[in-house]
Amino acid sequence: LLVKTLVDDARPGAEPIARPPIDGFLDGYALDRVISPRAALEPLAALFGFDATANGGEIRFSGRAARASLALTSDDLVEDRDGKLITLTRAQESETPNEISLSFSEGLADYRSASVLSRRLEGGSRRQSEAELAVVMEGGPAKRLADIWLQDLWIARERAEFILRPGLAALEIGDAVTMSIAGRERLLRVETVT
(Lines give C-alpha, C1' and ligand atoms only; values in the text may rest on other atoms or scores of the structure.)
Protein backbone atom coordinates (compact mmCIF):
# COMPACT_ATOMS: atom_id res chain seq x y z
CA LEU A 1 0.00 0.00 0.00
CA LEU A 2 2.95 2.35 0.52
CA VAL A 3 3.81 2.37 -3.19
CA LYS A 4 0.16 2.93 -4.11
CA THR A 5 -0.05 5.84 -1.63
CA LEU A 6 3.15 7.45 -2.95
CA VAL A 7 1.90 7.29 -6.55
CA ASP A 8 -1.65 8.42 -5.76
CA ASP A 9 -0.39 11.36 -3.66
CA ALA A 10 1.86 12.47 -6.52
CA ARG A 11 -1.09 12.60 -8.94
CA PRO A 12 -3.80 14.69 -7.25
CA GLY A 13 -7.10 14.53 -9.09
CA ALA A 14 -6.01 11.54 -11.19
CA GLU A 15 -7.72 8.18 -11.02
CA PRO A 16 -6.15 6.12 -8.18
CA ILE A 17 -3.99 3.27 -9.41
CA ALA A 18 -4.79 -0.36 -8.69
CA ARG A 19 -2.80 -2.01 -5.93
CA PRO A 20 0.58 -2.91 -7.49
CA PRO A 21 1.54 -6.61 -7.54
CA ILE A 22 4.55 -6.11 -5.25
CA ASP A 23 5.49 -8.49 -2.46
CA GLY A 24 7.10 -7.07 0.63
CA PHE A 25 6.43 -5.38 3.93
CA LEU A 26 7.92 -2.42 5.78
CA ASP A 27 7.13 -1.17 9.26
CA GLY A 28 7.73 2.39 8.06
CA TYR A 29 9.32 4.66 5.46
CA ALA A 30 10.59 8.16 6.23
CA LEU A 31 10.66 10.98 3.70
CA ASP A 32 12.55 13.75 5.50
CA ARG A 33 12.56 16.27 2.66
CA VAL A 34 10.63 17.12 -0.50
CA ILE A 35 11.68 14.72 -3.26
CA SER A 36 10.19 13.60 -6.54
CA PRO A 37 7.90 10.56 -6.60
CA ARG A 38 10.53 8.74 -8.70
CA ALA A 39 13.23 9.44 -6.08
CA ALA A 40 10.88 8.15 -3.37
CA LEU A 41 10.14 4.93 -5.32
CA GLU A 42 13.70 4.08 -6.46
CA PRO A 43 14.98 2.78 -3.09
CA LEU A 44 11.83 0.70 -2.67
CA ALA A 45 12.16 -0.68 -6.21
CA ALA A 46 15.77 -1.72 -5.57
CA LEU A 47 14.91 -3.24 -2.20
CA PHE A 48 11.84 -5.19 -3.27
CA GLY A 49 12.86 -5.95 -6.86
CA PHE A 50 10.20 -4.23 -8.95
CA ASP A 51 10.09 -1.78 -11.85
CA ALA A 52 7.74 1.16 -12.28
CA THR A 53 7.24 2.45 -15.82
CA ALA A 54 5.07 5.24 -17.18
CA ASN A 55 3.61 4.96 -20.65
CA GLY A 56 0.91 7.22 -22.06
CA GLY A 57 0.00 8.55 -18.62
CA GLU A 58 -0.43 5.04 -17.20
CA ILE A 59 1.91 3.72 -14.50
CA ARG A 60 2.73 0.03 -14.64
CA PHE A 61 4.47 -2.06 -11.97
CA SER A 62 6.22 -5.36 -12.61
CA GLY A 63 8.17 -7.62 -10.31
CA ARG A 64 11.60 -8.74 -11.39
CA ALA A 65 10.70 -12.35 -10.68
CA ALA A 66 7.94 -12.22 -13.28
CA ARG A 67 7.33 -15.12 -15.60
CA ALA A 68 8.22 -14.69 -19.24
CA SER A 69 5.45 -13.09 -21.24
CA LEU A 70 6.96 -14.11 -24.58
CA ALA A 71 9.41 -16.64 -26.01
CA LEU A 72 11.60 -14.96 -28.62
CA THR A 73 13.23 -16.83 -31.49
CA SER A 74 15.76 -15.74 -34.11
CA ASP A 75 12.78 -14.97 -36.39
CA ASP A 76 11.77 -12.20 -33.95
CA LEU A 77 15.15 -10.46 -34.25
CA VAL A 78 16.57 -8.11 -36.87
CA GLU A 79 20.27 -7.96 -37.72
CA ASP A 80 22.19 -4.89 -36.57
CA ARG A 81 24.63 -2.94 -38.78
CA ASP A 82 27.31 -5.58 -38.21
CA GLY A 83 24.97 -8.41 -39.21
CA LYS A 84 24.59 -9.73 -35.64
CA LEU A 85 21.23 -10.74 -34.17
CA ILE A 86 22.31 -10.41 -30.55
CA THR A 87 25.20 -8.86 -28.64
CA LEU A 88 26.02 -10.32 -25.23
CA THR A 89 28.10 -8.42 -22.69
CA ARG A 90 29.18 -9.37 -19.21
CA ALA A 91 30.58 -6.88 -16.70
CA GLN A 92 33.84 -7.74 -15.00
CA GLU A 93 33.61 -9.38 -11.57
CA SER A 94 35.68 -6.53 -10.16
CA GLU A 95 32.93 -4.05 -11.19
CA THR A 96 30.24 -5.91 -9.22
CA PRO A 97 30.13 -5.73 -5.41
CA ASN A 98 31.09 -8.86 -3.51
CA GLU A 99 29.22 -7.61 -0.46
CA ILE A 100 26.45 -5.18 0.27
CA SER A 101 25.66 -3.50 3.58
CA LEU A 102 22.08 -2.39 4.11
CA SER A 103 21.38 0.18 6.87
CA PHE A 104 17.86 0.72 8.24
CA SER A 105 15.97 1.56 11.44
CA GLU A 106 14.87 -1.34 13.60
CA GLY A 107 11.36 -0.83 14.94
CA LEU A 108 11.60 -3.23 17.89
CA ALA A 109 14.88 -1.66 19.00
CA ASP A 110 13.46 1.84 19.59
CA TYR A 111 14.14 2.79 15.95
CA ARG A 112 17.90 2.59 16.41
CA SER A 113 20.05 2.33 13.33
CA ALA A 114 20.95 -1.22 12.37
CA SER A 115 22.62 -2.87 9.40
CA VAL A 116 22.91 -6.27 7.77
CA LEU A 117 25.62 -7.59 5.48
CA SER A 118 25.27 -9.90 2.51
CA ARG A 119 28.46 -11.39 1.08
CA ARG A 120 29.22 -13.70 -1.83
CA LEU A 121 31.48 -16.57 -0.82
CA GLU A 122 32.98 -17.07 -4.27
CA GLY A 123 34.32 -14.61 -6.81
CA GLY A 124 37.34 -12.38 -7.05
CA SER A 125 35.64 -9.04 -6.49
CA ARG A 126 36.73 -6.95 -3.52
CA ARG A 127 34.16 -4.22 -4.17
CA GLN A 128 31.77 -3.29 -1.36
CA SER A 129 28.52 -1.39 -1.63
CA GLU A 130 26.54 0.37 1.07
CA ALA A 131 22.89 1.38 1.01
CA GLU A 132 21.40 3.52 3.73
CA LEU A 133 17.63 3.44 3.43
CA ALA A 134 15.06 5.44 5.40
CA VAL A 135 13.02 2.32 6.10
CA VAL A 136 11.87 0.75 9.34
CA MET A 137 12.02 -3.05 9.43
CA GLU A 138 13.39 -6.00 11.35
CA GLY A 139 16.80 -7.62 10.90
CA GLY A 140 15.63 -10.97 9.49
CA PRO A 141 13.66 -9.56 6.56
CA ALA A 142 16.40 -6.94 5.96
CA LYS A 143 19.04 -9.69 5.66
CA ARG A 144 16.88 -11.64 3.19
CA LEU A 145 16.33 -8.51 1.09
CA ALA A 146 20.06 -7.69 1.11
CA ASP A 147 20.82 -11.25 -0.08
CA ILE A 148 18.30 -10.93 -2.92
CA TRP A 149 19.59 -7.45 -3.83
CA LEU A 150 23.18 -8.71 -4.08
CA GLN A 151 22.06 -11.69 -6.17
CA ASP A 152 20.16 -9.34 -8.51
CA LEU A 153 23.29 -7.20 -8.96
CA TRP A 154 25.28 -10.28 -10.03
CA ILE A 155 22.58 -11.53 -12.37
CA ALA A 156 22.25 -8.07 -13.97
CA ARG A 157 25.92 -7.99 -14.99
CA GLU A 158 24.98 -10.08 -18.03
CA ARG A 159 23.23 -8.09 -20.75
CA ALA A 160 21.82 -8.87 -24.14
CA GLU A 161 21.25 -6.24 -26.82
CA PHE A 162 19.07 -6.91 -29.86
CA ILE A 163 16.65 -5.37 -32.34
CA LEU A 164 13.10 -6.71 -32.50
CA ARG A 165 10.90 -6.95 -35.54
CA PRO A 166 8.21 -4.21 -35.70
CA GLY A 167 5.38 -6.52 -34.60
CA LEU A 168 6.93 -6.76 -31.13
CA ALA A 169 7.07 -3.04 -30.41
CA ALA A 170 4.55 -3.51 -27.58
CA LEU A 171 7.21 -4.96 -25.26
CA GLU A 172 7.89 -2.56 -22.40
CA ILE A 173 10.44 -2.07 -19.67
CA GLY A 174 9.94 -4.70 -17.00
CA ASP A 175 8.58 -7.36 -19.38
CA ALA A 176 10.29 -10.75 -19.15
CA VAL A 177 11.09 -12.82 -22.24
CA THR A 178 12.88 -16.08 -22.90
CA MET A 179 15.40 -16.61 -25.67
CA SER A 180 17.75 -19.39 -26.68
CA ILE A 181 21.31 -18.00 -26.66
CA ALA A 182 24.25 -20.25 -27.57
CA GLY A 183 22.04 -23.30 -27.14
CA ARG A 184 20.89 -22.31 -23.64
CA GLU A 185 17.43 -21.01 -22.71
CA ARG A 186 17.79 -17.61 -20.99
CA LEU A 187 15.25 -15.54 -19.07
CA LEU A 188 15.73 -11.84 -19.85
CA ARG A 189 14.06 -8.76 -18.42
CA VAL A 190 13.66 -5.69 -20.63
CA GLU A 191 15.56 -2.83 -18.99
CA THR A 192 15.79 -0.23 -21.74
CA VAL A 193 13.93 0.40 -24.98
CA THR A 194 15.35 2.68 -27.68
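Below, each value reflects all heavy atoms present in this structure, side chains not excepted, and no hydrogens, waters or symmetry copies.
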Participant: Could you report the tightest heavy-atom contact between F48 and D23, atom names first, then the distance?
Facilitator: CD2-O, 3.6 Å
Participant: Tell me whether the count of non-hydrogen atoms from other residues, nucleotides or ligands lying under 6.0 Å of CZ in R165 goes above 12.
Facilitator: yes
Participant: Pick from L77, L85, D80: which one makes a side chain to side chain contact (heavy atoms under 4.5 Å, CB included) with I163?
Facilitator: D80
Participant: Any non-hydrogen side-chain atom of L168 less than 4.5 Å from a side-chain atom of L72?
Facilitator: yes
Participant: Under 4.5 Å between side-chain heavy atoms, counting indirect links through other Ile/Leu/Val/Met/Phe/Trp/Tyr residues: same cluster for L26 and Y111 or not?
Facilitator: no
Participant: I'd like to know if the side chain of W154 reaches the main chain of P97, judged simply by a donor and an acceptor atom lying under 3.5 Å from each other, with no hydrogens or angles considered.
Facilitator: yes
Participant: Tell me, do L145 and V116 make a side-chain contact under 4.5 Å, heavy atoms counted?
Facilitator: no
Participant: Counting N and O atoms only, with roles assigned by atom type, does the side chain of D175 sit under 3.5 Å from a partner on the main chain of E172, one being a donor and the other an acceptor?
Facilitator: yes
Participant: Do L31 and F104 share a hydrophobic cluster, counting only Ile, Leu, Val, Met, Phe, Trp and Tyr and linking them when any side-chain heavy atoms are less than 4.5 Å apart?
Facilitator: yes
Participant: If you measure from CZ on R189 to CZ on R159, what distance do you get to the nearest 0.5 Å?
Facilitator: 8.5 Å
Participant: Report the distance from atom CD of Q128 to atom CG of N98, rounding to the nearest 0.5 Å.
Facilitator: 8.5 Å
Participant: Considering non-hydrogen atoms only, spot the tightest contact between F61 and I22 and give its length.
Facilitator: CD2-CD1, 4.0 Å
Participant: Going through the checks in order, is the side chain to side chain contact (heavy atoms under 4.5 Å, CB included) test met by R120 and T96?
Facilitator: CA-CA 11 Å; R120 283 181 56 90; T96 308; over 6 Å; no
Participant: Please report the shortest heavy-atom distance between L188 and A160, naming the atom on each side.
Facilitator: CD1-CB, 4.2 Å
Participant: Would the number of heavy atoms belonging to other residues, nucleotides or ligands and lying under 6.0 Å from CD of E132 be above 12?
Facilitator: no
Participant: Using a 6.0 Å cut-off, check whether atom CD of E130 has over 12 heavy atoms from anything other than its own residue.
Facilitator: no
Participant: Which heavy atom of S118 sits nearest to which heavy atom of K143, and what is that distance?
Facilitator: CA-NZ, 3.8 Å
Participant: If you take all heavy atoms of E106 and G139, which pair is closest and at what distance?
Facilitator: OE2-N, 3.6 Å
Participant: Does Y29 use its side chain to pair, donor to acceptor, with the backbone of V3 at less than 3.5 Å?
Facilitator: no
Participant: Are I155 and F50 connected into the same hydrophobic cluster when the rule is that any two of I, L, V, M, F, W, Y join if their side-chain heavy atoms are below 4.5 Å apart?
Facilitator: no
Participant: Got a donor-acceptor contact below 3.5 angstrom from the D82 side chain to the K84 backbone?
Facilitator: no
Participant: Is any side-chain heavy atom of D8 closer than 4.5 Å to one of I17?
Facilitator: yes
Participant: So does R157 have more than 12 non-hydrogen atoms from other groups sitting under 6.0 Å from CZ?
Facilitator: yes
Participant: Is the closest side-chain heavy-atom distance between P37 and L6 below 4.5 Å?
Facilitator: no
Participant: Is there a side chain to side chain contact (heavy atoms under 4.5 Å, CB included) between T89 and E161 once you walk through the steps?
Facilitator: CA-CA 8 Å; T89 56; E161 215 174 295; over 6 Å; no
Participant: Is there side-chain contact between D27 and L108, with heavy atoms separated by less than 4.5 Å?
Facilitator: no
Participant: Report, as yes or no, whether the 6.0 Å neighbourhood of atom CD on E158 holds more than 12 heavy atoms from other residues, nucleotides or ligands.
Facilitator: yes
Participant: Using the rule that Ile, Leu, Val, Met, Phe, Trp and Tyr join whenever any side-chain heavy atoms are under 4.5 Å apart, tell me whether L171 and F162 fall into a single cluster.
Facilitator: yes
Participant: Between L70 and I86, is there shared hydrophobic-cluster membership here, with clusters defined by ILVMFWY side-chain heavy atoms closer than 4.5 Å?
Facilitator: yes
Participant: Measure across G107 and E138 and return the closest heavy-atom pair with its distance rounded to 0.1 Å.
Facilitator: N-OE2, 3.6 Å
